[in-house]
Each structure stands twice: as C-alpha cells, then as structure tokens.
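Every heavy atom of this structure was used, including side-chain atoms; hydrogens, water molecules and symmetry mates were not.
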Amino acid sequence: MEERETTRIRRSCDGLVFAVNGERFELSSVDPSTTLLQFLRSRTVFKSVKLSCGEGGCGACVVMLSKYDPVHDKVEDFTVSSCLTLLCSIHGCAITTSEGIGNSKDGFHPIHERIAGFHASQCGFCTPGMCVSIFSALVNAEKTNKLDPPPGFSKLTVCEAEKAVAGNLCRCTGYRSIADASKSFAADVDIEDLGFNAFWKKEDSKESKIDKLPDYNRKKEICTFPEFLKGEIRARLSMDSKISCWHSPFNVEELKDLLKALDSGKGTEMKLVVGNTGVGYYKELGRYERYINLRYIPELSIIRRDSTGFQIGAAVTISKVIEALKKDNQGKLLSRGATVCKKLANHMEKIASRFIRNTASVGGNLVMAQRQHFPSDIATILLPVEAMVEVMTGPRCEKVSLEEFLEGPPLNFNSVLLSVTIPNWESAGEVSQKDNAVVLFETYRAAPRPLGNALAYLNAAFLAQVSPCETSDGIMVDQCRLAFGAYGTKHAIRARRVEEFLTGKVLTVEVLYEATELLRSTIHPEVGTPNSAYRSSLAVAFLFKFFSPFIDGTAETTKGEAVFVDDIPSPYNCLYGAFIYSTEPFARVKSIKFKTEGKPEGVFDVISFRDIPEAGENMGSKTIFGTEPLFGDEITQCAGQRLAFVVADSQKHADVAAKLAVVDYGVEDLEPPILTVEEAVRRSSFFDVPPFLYPKQVGDISEGMAEADHKIICGELKLDSQYYFYMETQTALAVPDEDNCMVVNSSIQCPEYAHDVIAKCLGVPGHNVRVITRRVGGGFGGKAIRAMPVATACALAAHKLRRPVRIYVDRKTDMVMAGGRHPMKITYSVGFKSDGKITALEIEILINAGMAADISPIMPSNILGTLKKYDWGALFFDIKVCKTNHTSKSAMRAPGEVQGSYIAEAVIEHVASFLSMEVDAVRYRNLHTYESLSFFYEDSAGKAPEYTLPSIWDKLAASSSFNRRTQEVKEFNRCNKWCKRGISRVPILHEVMLRATPGRVSILSDGTVCVEVGGIELGQGLWTKVKQMATFALSAINCNGTEHLLDKVRVIQADSLSMIQGGFTAGSTTSEASCAAVKLCCNTLVERLSPLKECLQKQMGFVSWEMLIAQGYMQSVNLSASSYYVPDFSSIRYINYGAAVEVNLLTGETTILQVDIIYDCGQSLNPAVDLGQIEGAFVQGIGFFMFEEYETNSNGLVVSEGTWTYKIPTLDTIPKQFNVEVMNSGRHKDRVLSSKASGEPPLLLASSVHCATRAAIKEARKQLLSWSGIDEPQSIFQLDVPATMPVVKELCGLDMVERYLEWILCRK
C-alpha cells in the first residue's frame, strides 16, 4: 500500500499565488527568506498573527494552512507556525487566521464567543493563536468517520480538545479556562465539569447549560479553501511557481541535476527546504543564494507499507508519519508482542508541538541529528528497530543502517537523505519462532513537559524478545536492542555492551544489577553537559523500568482584533531598530564593528551615547531611587547592557545586523567585576535604602532566643531569578511630529515615566513628548522600568534621523536585557519550643539588584511584608541591596513578596524536620492571633473581624477534605515504591497599598461614554472593571435606558499629555484605584445631571438617557468630569491554599494532582476577572517554584535565550484538578466597593506545590534509608527553587535503582 503526501502535476505559473482569509494574493517577486509571519504583519491587514518567540515554541503566530489536491478533490487543513514557514512554500495554498474564522464586522465564531465567555483571554496577545488551533481541530475532527455528535457539539473528544491547545503558551491565564473553552466543543464532555463562565448559573440544569452555550453548527463551518483558488489550480493543473532563487524540483533526477548545476560545495549558498522548522533551533544569520524545496518530489513524499516494513520519504512530515503508523494494519509489522508502530507514533506525538510536527519532516530531523548533533527523539526510537536510511550523494544512492548514518561524518550539502525504512523485524528473521516468546518494545523520555514541546533530558527505546527459561523458573532475554539519546552526546547510541551482557541470560536481581552498573559506565555525557549525573541515572531508571516486571517481587504499578503597539501600521518611511548589547560584565568598549565589510544590508545608522543631543542626558530609565543610562559609554557595567541601537530599513535587517556586531573589549586597569552578592559585601557595593522604606524590627531577638528550647543556627537558602516571558516582547514606535515634538507608542505599564525619560534624553520640554499606550500584551512588571529604554532608544533614533523608528525586540535580546526577578541569598537562625512554637527568627538577606537601583530599594519592605505572615515571637533582620555587574533587576509580579513568603515556609519546614513533627501542625502552631497580627503589622492589621485567616484555614481543611487526603497520601506512599505523594497546606498574608490615580469620564452628545484612566490594560481586566464601575455609578441617575449603558461605555488609550499623574500600573491595586477615580467622576456627573433630570421628569414624566444627555448639551451642562483619587488607607489580604503532588522517583517528574484555593476577595468587583487573575498568578508561581531556570554564564550573560531553554508552565503541567473559591468576606466601607486585590497575591500560593514536593521527597528518602538498613532520623535537606526534575531526582537518590537492587540481594 502506498501513499503520497501531496499530488502535484507539472505546469508552472508566474509568481506566487495564495489566499489569506479568502482574499487572493499574487506576488511577482519575493525574497525567498521571507516568512509567512513577516508577510502577514507587514503586507496585510491581518494583524492577529503575533510574533512572540520567533522559534515556533509559543503558538502566538499559529495559522491554519490548507492545501488542495485536484486529483482527489480533497483539502488538507493543518496548523503551522507562521514565524518559521517560508512564504514561497505556501504557493497555491490558503491561509486562515483568527480574523478569517470570525470578526466584529462579519460576526464572531463560537470559538471566539466561548473563549470570551469562559474568561479564557486576559491580555489577548496569545488568544488568536489559541482560536486557530481549536478551529483546526474542529475542521479535522469533522473529516473523521466518528458518529455524529449531539447538536451544538463537534466530533472532537475531550482528550483531542485539550491536545489542540497543548502547544500554545499563555502567561496570563492558568490554562484551565482555555481548556474549558476548547472542551466545550467536545462530544463527550461532561458539561458539569466545565468551570466558571458567563453563559450559565451554577444551579442551571445540564440541558439548560448546553442550550446557553454559543451555538456551534458544524454543518455551517467556514470554507477553508476558496473556490477561486481551486479553479486556478485545476486550470493550471498545478501551482508550480517561478520565483527567483526558489527551486521546486519535480523528481529525484531533477534534484540531482540542480545540485550538480549549483555545485554548492560549502553549503552556505544553498538550502534544502521542507518545513524550515530547523531555524527555530539553529538560528540563521547568513543569506542563501538558492532555496530548493523538496516537498513535491514524489520519491521523498512517499509512505509505503508492505510485508517488508515501512518506507517513509524524507520529506514526509512527522504528523503524517504518526498518522500512518497509527493505521489499523499497523499490527502487520509486528504481529507478536507489543505493537511497535503504535508506540513509535505515541512517542512522536511528544516531539515539539502539533503546529511544528505538521511541517517538520522526519528526514530533516534525522539530518539535524547527524550533521549538527540535534538531540533527536526520532533517531533514538528508530535505532532499536534497526531502521535503514537511503542517502543520495551526487549520482550515487546508498542504503545504510541508521546507526552507521549517525556515526558517519557530517553530510555535505550536496548529499540528500531520501528515505527511512522501518523493517519488519519478524519477516527479516530477527525474531525467534518460539511459541512462548514475547516481543517487548517501549520508548521513554524525561522532559520538563509531559506532552512534548520540550527537549528531553534523556530519551530511550528498548526492543527485546523474552521467553520462559526451559531450565529454571525465570525469564530469559533471547535478544535485545537498547538505544539512548539526548543525554549530552553527539548522537543516539546503542548500548551494545549491555545488550551483549543481557542476551541469553535469565533475568534476576543480580543480572539486572550488573546490567545497571555496566550501563552507568556506558552512558557518559560530554563534559559541560548540564545535569550529567541526573541523565545517567535516568538511563538506569528506564532500563530498570523495562525489565523489572520480569523479576519476582519487583513489579510495580508504576478572537484577535485587539490592537497592540506592533500592530499599528508602519508610517511612511519608517525605519526599524535592534539593540547591540555587551557580552562582558565590566570592560572598556574599544570599538563596535560588523563582521561584514561595510554596513550590513539595509543598515542606515548605529546610534550610541554619542548621538544624544547636547542638551540631553544619557538616560534610559528612572525611578525615585535613581536613573539607568540608555547606552553604556566607554565602560560596560554588565553583560546584557545596551551599547548601541542599529537602525535599518526592516526589522529583519536590523536584527541580523545587531547579531553581526563585534565589540572589541579591554579590561586593562579595571577591577574584576562584582558577580556575586558575597563579592558585593566584601567590596561594600550596596544601594541605599531610604530610612522611611526600611522595615522596623519586631520584638526583642535576644529575649526570644533565650526562651527557645532548640535553635537552628545559620540555615541557608538561595533563590534565583525569573524571566517575565510576556507573550508580546518589548516594542515601541516613535514618530517625529511638528515643532520638534515626538509621539511614541509604547507597550509600557507607566507612560508618564517614559514621557519624562524621553524628554530628558532628547533635551526637550515635557510638552514636546507624547507617550501613548492602548494595551500591553502581558507585563508582570517587565513592561514598567524595563520598557522605558526601548521607547527612549526609538525616540532618540527618530529624533536624529527625522524619520519614524520602531522596534519589536526579538525574544533572545529581550531575555538577555530584561533583568527579571531579584536573586538573593538568605541566612537565618531560628529559636523554637519543643511543641513547634517559634520564639525568635534572625535573618540576613543579600539581594542581587544588578547595576542600577531600579525599584530594588523597596525590596526589603516587600520581603518583610509577607515574611511576617507567621508569629515569629521576635524578628530581627539585616537586608542588604547589593550593587553588582548584572543586568538591573526589576519588579516582577509580587516582587519580594513571593520570596518573603517562601522564606517563611522554608523556616517552618526546617523546624518541623528538626522536631520530626508534621509540617502542618507547626504551621498551625505559628499562625497569628489577632493580637500578634497587630504586633507585627501595627496600623495595617485592620479590625478583628477582618482577620479571616483562621476561619479560611479551617474552611479549606473541610472543603478540600485535607485530613482524609493526608491519610490517603500516607497509604499511597506505603503501597508504592516508585511514586510518592506529598500534600501541603500553606497560609498567605499579603499587604497591599493603593496609590493615587487619575480618571476622566466624558459623556458624548449621542449618550455614549468615554472613560480615561491612568491605569493600563495588561490583561488583568482593568478596562472591564472600569466599564462596569462607570455603568454602575452613572446608573444612579435612574433614567430609562441605563440598563443598557454598559454597551455605551468605552475606555480609551492612555495618553501622557491627556491624563497626567498616571503613575505605575502595578501592585495589584490599579484596577481598584482606577474604579475609585471613575466613581468620583461619575458621582460628579450624576450630581450635575440630577437637577435637569428632575425638571424633565416633572415636565414629561418620562426621561430616557439619550434625552437627558441631549438636553444637557443644549443647556451647557459640563458633561466631562475629572478626578484624582487619593486613598487614605492600606489593606491586608488573607489567603490560604492546599496542594497535592505526585513525584516519579525514577525520573524526578512532578505531577500536580489537585489544588484547592480559597481566596478572600472582599466583595469582588468582577468574580470572573478575579478568578482568571488567581489562576493565572498561581500558575506563574508554579513556573517560579518548579520549572523556570533563568540561567547565566560565568560573565552574568543570560544563556536561557528562548522557548528551547526556558520552560514556562503549559496545559500539561497545571493541576489535574484545580478548585478555586473566590470568598466574599463582607463589606468594608473604606475599600472600593469593599473589593480586594487579586493580581499578585495568588502567585505566592504556589509555594505549597514546592512544599508538597518536598513532602514527597521526604518519603522517598525515608524509603531509601530503609533499604540501607538505617533507622536513624533522615538528614535535613533543602529543596532548591526551582525544583526541576534533576533537582528532585537527585534528592530522591540518583542511585535509587541500584540501592533497591542491592537491598533485594541482601535479603536473599
């Protein structure tokens, strides 16, 4: 049986022809390196497609690509990553973006409506990609032969619906709402399992809930491939374009002739292309003269299945291979034992994400593994099945084993991989014909994300034949093939010595133990490989897992229309910028040059500190604590510091030029850089903390220590940094205006501050600068201070060149320059009673602030604000803000608070371990009474009835069945060797302060309402709450028609000249303060309109809203009101939370089984918005505590540079069961409608996941000690943050398998 991926009949046309959302495009000339994303964003109105990572790792740029086969009259639809897809490769195809699915003009699709109704969009930057992923899943589900679903649903299953969005990243939501929106289309969904939404009430019947969902009619789905394009394809018989430098050979012979003609021996001038996904990992700076598209060569696109095995063309996509391997007749390949093909397919589904697998070819993956040592899963899993490959070099074709192919010299660029063959092991005579023989095949991978989209720490695949031994009761290994890869070696290998050792032996504990010892000596990661010991232990763990069931006694059950800054069309004559940054921490800059002779293509200028006007200042950002320079001058202050700004005619040319820059450094006569807090202390390098910001000591530390029965002296903790990973990177557009003015559109949380910095840098009066911000695609603090230099650099370049200049910072540069969360070192001593009551805590904290003060001086106060959540008896602290040669650290969601809360939990855990007490009991023993709360928090403690923490603590225990689940965890751990569970309940206390905020409300003549506030919409629902507040407050006029007032209210963009004193959008309280300001404005307007309304009421008896406003205009009533809300209080939030975690002891993988949160929101302004904020913050906290490693090299230069190396949580890493209760704790007359903040405090709750993981590790270590025959108390340990898989596995025991086998042997 034979399949071809695409049918193509020869006949060419001029230029490139394709469709986008049903609109025809024809291009006569195209730069073949242009990506589909670049075209869509620069040449079309379809701006829902976003650039975020540029690596195919986030899903923000996902579109649906449709291909038409005229021979079979079929359309194939699949998602692709448009940032990697070359424009020339979509010739004859149709593209669908989120606007093509639905829009405000033509009507939204039920996908958009359900995403909105399930509150699954916050900043909205990633939402269009999510919508396209769901849409593609719906379209393809309809093509299956499944039974028709009930009305309103699709043929999708719940599992398929979740997988549809598994590769899309979101930093705002907690994914639960996104998954619910997607699952709402599934035929097998239990509607009762879907979470909070705007469609139904909790008490509605199941039938009523289904009826209230936005209607989905699968019979009226959108046409994905326009008829006009089908007609053109039929008329021309194919869509073979004639694009200069882009070649699409028709067969292998044509390919040979083309390669011979080009004679590209060096490989730098020619590129073979299928999906172009490799550039997501191996970035390309140089240009290729020729591109050869292999997609349409029949021999390379074939999938042939017969009795000898599978032949797969090298250009076949991974998705197509998965589909073929899953077909019903797959069992023919291996009729005995496990089905090899199915397991190969299941493993391949964990490679990358679906929109990458849809275009990435199996051949390209293997060539990267062979030529560039890419850590390929495919190479590893095909090794044990003895796959063969066919390679063409010049006129000669040769078939070799995959093992020989991988071990050979790197392919030259005239060699082409033609096909891969998976042989039928049985037909080839490799399998014994014993009646009782069993063939086993398993694949394994350990990666940060279970469903893929993450490189593995190690992958493995084992194929073996076993049979009962004829001379004993054991199981004999007749033969085996063991492959390992991605562990820090050049390519996947076969463990031949282990295979030879096991073959012919009866599986016993002794044999398996010797095999593991032999394997450890075989798996040697190369020097410099991260987590090398962990990777070696994984190899042993996987081998044990494969063979252990055969050893007695060891078997175990084991919408898209929101406009962002980069969506604004480029003005005429616009230029583009990119930063050149330092790679040295403290060095003299001698020169900046380019690798190329002369200026790189498209470059206009290179802006540096020398280009700052004479009247201006070298200022890139400022806070009340000081400034940071826009550009480094003669001496760099850190690796990652901005040195210059390349300006070119396109963003692509600017980015390439910046990467081609070469900086010549010198360190003569300079002191060594300060790269650690210890060195900062030694050299007394600190930032001052103003006395009014430094917290007060609490109680008498000497007296507290004297009361203690026990003391822990000099405990130590270290906390690393975290990157913001907003989906929209830093971006700005500066446009020169008349009278030496500058208009800057910036994605920033504080336009007012950027306004001042730009004015000072340019040396112009403040009224000559205008900063506009409509919305921000995720901020988390990173779009506050760190956004200022981006806007300022654009303004400086525009000022000098007198042309518009814009920038969209590429992800790598953003990560290098961002700064992120503050790292710190903590040393503590604690005194406590034998019952767990702590009497004194003495703590020293060294904060790494980086090169500039930024907001770092507020950190001591923020840390202490949450550290004081327990009654420590007495608290003494010494906190130093260290000035180092690192990038300036800045505010990141809950800055200082998350660290302070974690430090408190670490101390409690340490005390509990010391006393061998249950941690939960120690926590409870040290919860505040109202008296101790008032002692620690003084004026901000509020009144006694407001202290809700004790009642929440008890309520959570009841609602989450905490005590029952604790016993279940103990029983699970007793019964399971290789998985352990932990459960943790953590209290949080978060002090928040409101800031003064301006507002303006204007009623227009048609009765519509325009609202301006100082706060910026970041995805936190600020505009939603403000609109609701305006509607609520204006409705007090009691006119007819005010019930529909919400639809008349619009919040407009922030403008630094229109709305002054806007301040920062930060600290979780801007929504509250903005609502308060709007309420004051509305109260004023109601007061002005009330006399007129009463007069009209007497005259006419009926007054509509429109009539009232019309009369107000006629009688010159001032219908615009401004306010400046100044709060007179601060408030405290009380939250607590519980989590259950399962740890796989063989791999170190953690699974969050259940989360229960009770959150005190006061009287929530909008429960739906607050719920989304709680979940989103919590999941971001999971990232900090469990996954995200923001690593630097020895110079302090960030090396976690993108989605390949920096892993934020995804849909497959969030809690399996996520229960959140927004508790309304009553009214408070001094708060805005009695509300409380919800943006930052929930992030602190994620520390309980870390604590639960620690509890599970503790059980594993107890078990390990028992295997060693040690009954003494286990050692106290610290669990690092983040608790990644290698960290967890190391604490559980890298040699756990060997220790277990030794224990078994000793018992015999």
Side-chain angles (χ1 to χ4, degrees), residues 29-35 38 42 54 86 244-246 262-271 279 282-291 413 570-584 587-613 618 630-636 639-666 734 736 790 793-810 812-813 816-817 1197:
S29 62
V30 179
D31 179 346
S33 67
T34 301
T35 65
Q38 289 167 345
S42 63
L86 293 174
S244 175
C245 305
W246 181 270
L262 293 174
D263 192 27
S264 180
K266 294 182 180 179
T268 56
E269 300 171 354
M270 175 197 68
K271 180 176 183 179
V279 300
Y282 298 106
K283 309 299 186 292
E284 295 177 350
L285 296 181
R287 289 180 59 85
Y288 293 95
E289 297 298 325
R290 304 282 176 179
Y291 290 76
F413 287 82
S570 293
Y572 172 73
N573 222 18
C574 188
L575 297 173
Y576 300 77
F579 286 105
I580 297 171
Y581 54 80
S582 170
T583 56
E584 295 292 329
R588 189 171 286 105
V589 178
K590 294 182 176 180
S591 66
I592 300 175
K593 299 177 181 178
F594 293 106
K595 294 178 183 177
T596 56
E597 293 184 11
K599 289 182 179 178
E601 182 181 0
V603 172
F604 272 71
D605 203 351
V606 178
I607 309 293
S608 70
F609 72 95
R610 295 182 177 87
D611 295 290
I612 294 171
N618 185 9
L630 177 60
F631 296 118
D633 45 30
E634 283 86 359
I635 296 177
T636 68
Q641 184 181 17
R642 299 171 298 277
L643 298 181
F645 191 66
V646 181
V647 183
D649 60 359
S650 71
Q651 189 66 63
K652 180 179 177 181
H653 285 154
D655 289 339
V656 169
K659 290 176 174 64
L660 291 173
V662 178
V663 182
D664 185 18
Y665 301 98
V790 178
C794 283
L796 176 61
H799 180 80
K800 177 185 178 182
L801 301 174
R802 303 312 300 167
R803 290 174 62 174
V805 177
R806 76 186 311 163
I807 185 175
Y808 190 84
V809 181
D810 71 88
K812 175 181 176 179
T813 303
V816 167
M817 299 195 314
L1197 183 68

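Rounding to the nearest 0.5 angstrom, the gap separating the OG1 atom in Thr636 from the CD atom in Gln641 is 6.0 Å. Between atom OH of residue Tyr808 and atom CD of residue Gln651 there is a gap of 10.0 Å, rounded to the nearest 0.5 Å. Expressed to the nearest 0.5 Å, how far NZ of Lys590 lies from CD of Glu634 amounts to 13.5 Å. The CG atom of Leu643 sits 11.0 Å away from the CG atom of Leu630 when rounded to the nearest 0.5 Å. If you take CD1 on Ile807 and OH on Tyr576, they are separated by 12.5 Å, rounding to the nearest 0.5 Å. To the nearest 0.5 Å, atoms CZ (Arg806) and SG (Cys574) are separated by 5.5 Å.
Considering only heavy atoms from C-beta on, Pro32 stays 4.5 Å or farther from Tyr288 through its side chain. Using a 4.5 Å heavy-atom cutoff, the side chains of His653 and Val603 are not in contact. No side-chain heavy atom of Leu796 sits under 4.5 Å from any side-chain heavy atom of Phe645. Taking the side chain as every heavy atom from C-beta outward, Phe609 and Arg642 never approach each other to under 4.5 Å. For the pair Gln38 and Asp31, the minimum side-chain heavy-atom distance is 4.5 Å or more. Using a 4.5 Å heavy-atom cutoff, the side chains of Val30 and Trp246 are not in contact.
Here Lys283 does not pair with Asp655 in a salt bridge; the nearest charged N to carboxylate O distance is not below 4.0 Å.
Across Val606 and Phe594, no two heavy atoms sit closer than the pair CG2-CZ, 3.8 Å. When all heavy atoms are compared, the tightest approach of Lys800 to Asp611 is NZ-OD1, 2.7 Å. For Phe604 against Lys599, the heavy-atom pair with the smallest separation is O-NZ, 3.1 Å. Residues Ile592 and Ala661 share a closest heavy-atom pair of CG2-CB, 4.5 Å. Taking each heavy atom of Leu86 and Ser33 in turn, the nearest pair found is CD2-O, 3.7 Å. Across all their heavy atoms, Gly577 and Ala654 have their closest contact at C-CB, 3.9 Å.
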Original post:
Stepwise, does the side chain to side chain contact (heavy atoms under 4.5 Å, CB included) test hold for Val663 with Thr583?
Top reply: CA-CA 9 Å; Val663 182; Thr583 56; over 6 Å; no
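Within a 6.0 Å radius of NZ in Lys652, other residues, nucleotides and ligands contribute more than 12 heavy atoms. No more than 12 heavy atoms of other residues, nucleotides or ligands shown are found within 6.0 angstrom of OH on Tyr572.
Of the candidates Asp810, Val646, Val790, Val790 is the only one forming a side chain to side chain contact (heavy atoms under 4.5 Å, CB included) with Phe579.
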